[in-house]
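Here's the structure, in structure tokens; my notes come after.
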There are 2 protein chains.
Amino acid sequence: MTNDGTTAGAASKADGAATGSGDIARSLELLWGTGERPSRGPKPGLSPDRIVTAAVAVADAEGLAAVSMRRLSTELGTGTMSLYRYIPGKAELLDLMLDRVQGEPFAVRPDEPPADWRAAIDRMARGHLDNLRRHPWLLKINQARTVLGPSALRGLELALTGLRGMGLRDPELIGVIITVNSFVEGLARTQADAAEAVAQTGLSDEAFWENQRPYLERAMLSGAYPVMAGMAEDTFSSDFDQFEFGLQRLIAGFDALVGERAAEREAPRT
Amino acid sequence: MTNDGTTAGAASKADGAATGSGDIARSLELLWGTGERPSRGPKPGLSPDRIVTAAVAVADAEGLAAVSMRRLSTELGTGTMSLYRYIPGKAELLDLMLDRVQGEPFAVRPDEPPADWRAAIDRMARGHLDNLRRHPWLLKINQARTVLGPSALRGLELALTGLRGMGLRDPELIGVIITVNSFVEGLARTQADAAEAVAQTGLSDEAFWENQRPYLERAMLSGAYPVMAGMAEDTFSSDFDQFEFGLQRLIAGFDALVGERAAEREAPRT
DNA sequence: CGTAATCGGGTACGGTGTACCCAGTTCGAT
DNA sequence: ATCGAACTGGGTACACCGTACCCGATTACG
């Protein structure tokens with residue numbers, strides 16, 4: 001309210017996608033808000049919801065870069081500036097897109113809970129990965145100022161519910177979630193980046209590496225990289241499932257801690 | 001050579017920061033290149049090296065968003081278009097910035113090797129984290145088409161050297177590196193995003209969460225999130241070191257696999 | 001010395017987010 | 001019934017961005 005214009009202008013100068021740059025109170029209202037119309041004035045022909053839906057559709061289909069105010073306005077058949085009647089700015093639009101899409105994986109399966117915490121982690125990781133594959137643009141949004149909407153809270157609640165059985169302290173449970181999600185996001189980002197690179201350059205991965213081959217071979221023969229030069233042919237093959245490998249390692253690592261804690265409870269003060 | 005303009009134009013339409021979008025052969029030449037001057041024409045007043053140095057300086061100080069061709073040209077005291085005499089386009093500039101900065105952590109310590117693979121992973125993780133903190137903009141560059149320059153190869157060689165002692169198969173060693181790096185990048189990204197959000201909005205984290213508090217409290221009291229509502233006060237405190245926690249879990253997870261493999265070698269065909 | 005090759009860089013184009021402003025619409029108060 | 005406040009729609013304009021295109025100045029080879 002007190003702050004129009006200046007800050008938003010500064011925010012827009014910054015990097016690619018940021019969240020929560022604008023009026024947070026406004027974002028919160030939009031997320032939890034009642035949607036009550038003011039009594040006076042003509043009926044609005046648009047709604048934040050419709051704009052967010054259109055934005056997510058464009059982002060899914062063509063990437064976050066295709067989501068521009070002009071593009072959305074033509075998509076919705078309105079003037080560009082009309083969008084600003086419903087959304088304070090692009091930053092808030094990203095906020096809303098985030099919350100919309102984060103709810104999806106949990107809306108799908110309200111069914112049976114995971115058997116134990118191992119299954120919960122497995123499900124959490126796969127769900128997160130699926131969602132990131134469906135909406136790769138999620139990886140480009142600054143989530144630091146994510147406004148915690150209903151969807152985000154529900155996701156966190158479900159995750160914590162599945163992990164309670166580990167018998168760890170509360171901050172450690174958060175640590176487990178962070179560690180797993182970081183790992184998943186890293187892999188998802190690698191894949192998304194690769195796909196984007198192919199789309200942008202029109203050059204396949206194979207062709208790209210073929211271009212580098214002569215330089216790499218020269219480097220390997222130079223003797224400066226003895227370990228790499230001696231590695232197996234299939235080392236960088238895509239046959240190896242990095243997701244499964246990493247996830248199993250993570251679960252094993254948590255298991256060790258869970259075991260320690262259980263032992264301590266059994267025989268305290270050793 | 002055969003491909004001027006059109007592809008580069010298409011590439012520039014895409015998202016934020018991408019790498020290897022341009023002429024790969026040119027990028028490779030710049031990375032490994034001899035730097036031989038052509039014989040005719042006036043002496044160049046600039047060099048790719050100077051441009052990259054300026055670009056890294058600006059990115060470190062003000063973020064990747066501040067790195068624009070116009071900005072670099074004023075920084076270097078030349079005309080904007082002069083930069084294109086030395087670098088095919090912005091995509092290639094990002095390539096070069098990447099390789100420049102990836103070499104740093106290994107240039108610093110050519111000294112004693114780590115005691116064992118555990119120490120190697122620890123060192124790798126901390127080195128990576130330090131580097132990402134020094135150059136947060138690294139997290140915004142699409143690395144899928146990273147041109148493997150000398151620095152990148154040297155880093156990979158050192159990492160593999162430290163991990164050889166684990167006794168795992170070669171693709172698994174890569175898996176270890178990927179898993180650790182994904183985790184580290186996830187944490188670094190969280191921190192970088194937070195810092196960026198503060199810089200953009202001028203709003204501290206505390207103030208931000210304070211804004212959300214009423215909505216969160218209402219949600220907690222609603223009974224829809226019983227597990228979260230019952231968590232300890234310090235659950236989301238920043239006192240808890242997420243980096244240490246996650247890293248120890250990862251090492252424990254790898255340890256389990258290393259133990260299995262050692263046992264198999266001891267008593268094969270059980 | 002001519003000329004081919006290279007360097008420096010100005011201008012222009014199509015893209016972005018959005019500030020600012022005005023015209024048209026609708027409803028509450030009088 | 002009428003007036004005006006509150007609201008919606010949206011056109012125009014500005015400051016950025018990357019870079020295609022082109023021209024004049026400079027240099028060294030034939």
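In what follows, every chain begins at residue 1, and chains take the letters A, B, ... in the order their sequences are listed. Quick caveat: nothing in here was measured; it's all calculated off a predicted structure.
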Strand contacts (DNA chain C) in residues 72-84 of chain B, 4.0 angstrom heavy-atom criterion: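 Heavy-atom cutoff 4.0 Å gives T78(B), G79(B), M81(B), S82(B).
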What is the distance from [atom1] of [X] to [atom2] of [N], rounded to the nearest Å?
| X | N | atom1 | atom2 | result |
| --- | --- | --- | --- | --- |
| R50(A) | dG9(D) | CZ | P | 10 Å |
| L64(A) | dG17(C) | CG | C1' | 14 Å |
| L93(A) | dT16(C) | CG | C1' | 15 Å |
| M69(A) | dA19(C) | CE | P | 10 Å |
| K90(B) | dG15(C) | NZ | P | 19 Å |
| K43(A) | dA6(D) | NZ | C1' | 17 Å |

For the backbone of [Y] and the side chain of [X], can you confirm whether one donor and one acceptor N or O come within less than 3.5 Å of each other?
| X | Y | result |
| --- | --- | --- |
| Y225(A) | L153(B) | no |
| E217(A) | P214(A) | no |
| N131(A) | Q102(A) | no |

Quiz question: by atom type and distance under 3.5 Å, do the side chains of R189(B) and S182(A) form a donor-acceptor pair?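 Distance-only check fails for R189(B) and S182(A).
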So, are R154(A) and E157(A) salt-bridged, with charged N and O less than 4.0 Å apart?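 Here R154(A) does not pair with E157(A) in a salt bridge, since their nearest N and O are not under 4.0 Å apart.
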Decide yes or no, distance alone: a donor-acceptor N/O pair under 3.5 angstrom between the base of dG10(D) and the side-chain of R85(A).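 Indeed there is one.
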On a plain distance test, is the side chain of R71(A) in donor-acceptor contact with the base of dT16(C) below 3.5 Å?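 Check fails, no donor-acceptor contact within cut-off.
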Side chains of L72(B) and L93(B), heavy atoms from C-beta outward: is any pair under 4.5 Å?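 A side-chain contact under 4.5 Å exists here.
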Minimum-distance nucleotide (side-chain atoms of R70(B) versus dC17(D), dT18(C), dT8(D)):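 For the R70(B) side chain, the nearest candidate turns out to be dC17(D).
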